[in-house]
Amino acid sequence: DLPPPERESAAAGGPDGGTKAERVVKLLKGPSGASLRAIMDLTGWQSHSVRGFISAQLSKRMGFQIQSFKRDGERIYRIRS
């Protein structure tokens, strides 16, 4: 019998340091923000999960002001400083 595959939990933190939420916040605080695709690649989440996380967790629960715009046809998110 093979052991079950190991899964990275958000609480345990990943190899890049910090939880997925912390890594997304760090990415969005950058001057150019982050594309929806970059966030999906970082977290492994689908697009609807990223949008839900930004709306529910970052905006409503954590109180960040999120700027959303399109650059070259791609959706970009950034935390306003």
Side-chain angles (χ1 to χ4, degrees):
D1 290 10
L2 296 173
E6 293 183 23
R7 293 188 177 198
E8 175 186 331
S9 76
D16 297 331
T19 64
K20 287 182 182 180
E22 290 168 339
R23 289 184 279 164
V24 170
V25 167
K26 183 178 179 180
L27 191 62
L28 295 179
K29 283 186 174 181
S32 60
S35 68
L36 177 61
R37 171 58 50 198
I39 300 167
M40 290 170 60
D41 290 344
L42 175 73
T43 60
W45 298 337
Q46 294 182 7
S47 61
H48 65 275
S49 298
V50 171
R51 291 190 302 267
F53 173 76
I54 288 171
S55 175
Q57 297 297 316
L58 297 183
S59 295
K60 295 176 183 172
R61 186 171 285 180
M62 298 172 84
F64 287 114
Q65 291 184 354
I66 307 296
Q67 183 180 18
S68 171
F69 57 94
K70 283 198 172 184
R71 180 187 312 140
D72 299 326
E74 190 172 30
R75 178 62 56 191
I76 305 293
Y77 296 98
R78 177 171 51 206
I79 292 177
R80 293 184 187 167
S81 17

Do the non-hydrogen side-chain atoms of I54 and I39 ever get within less than 4.5 Å of each other?
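Sidechains of I39 and I54: in contact.
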Side-chain heavy atoms of R23 within contact of K20, under 4.5 Å:
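Yes, at least one pair of side-chain atoms sits under 4.5 Å.
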Hydrophobic clustering (ILVMFWY, side-chain heavy atoms < 4.5 Å, transitive) - are M40 and L27 grouped together?
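They do share one cluster, since a chain of ILVMFWY contacts under 4.5 Å joins L27 to M40.
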Is it true that W45 and I79 fall in one hydrophobic cluster, defined by side-chain heavy atoms closer than 4.5 Å?
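Yes; tracing contacts between hydrophobic side chains, which count when under 4.5 Å, links both residues.
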Minimum-distance pair of heavy atoms, taken over all atoms of S35 and A38:
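Smallest heavy-atom distance, with atoms named: OG-N, 2.9 Å.
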Pairs of donor and acceptor atoms involving the side chains of residues 61-73, under 3.5 Å and at least two apart or interchain, shall be tabulated with distances.
unit_1, atom_1, unit_2, atom_2, d
Q67, OE1, R78, NE, 3.0
Q67, OE1, R78, NH2, 2.9
S68, OG, R75, NH1, 3.0
R71, NH2, S32, O, 3.0

Separation of L58 CG from L28 CG (nearest 0.5 Å):
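Answer for the CG-CG pair, L28 versus L58, is 6.5 Å.
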Salt bridge (charged side-chain N to carboxylate O under 4.0 Å, His left out) contacts touching residues 35-54 (sequence neighbours left out):
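The answer is R37-D41.
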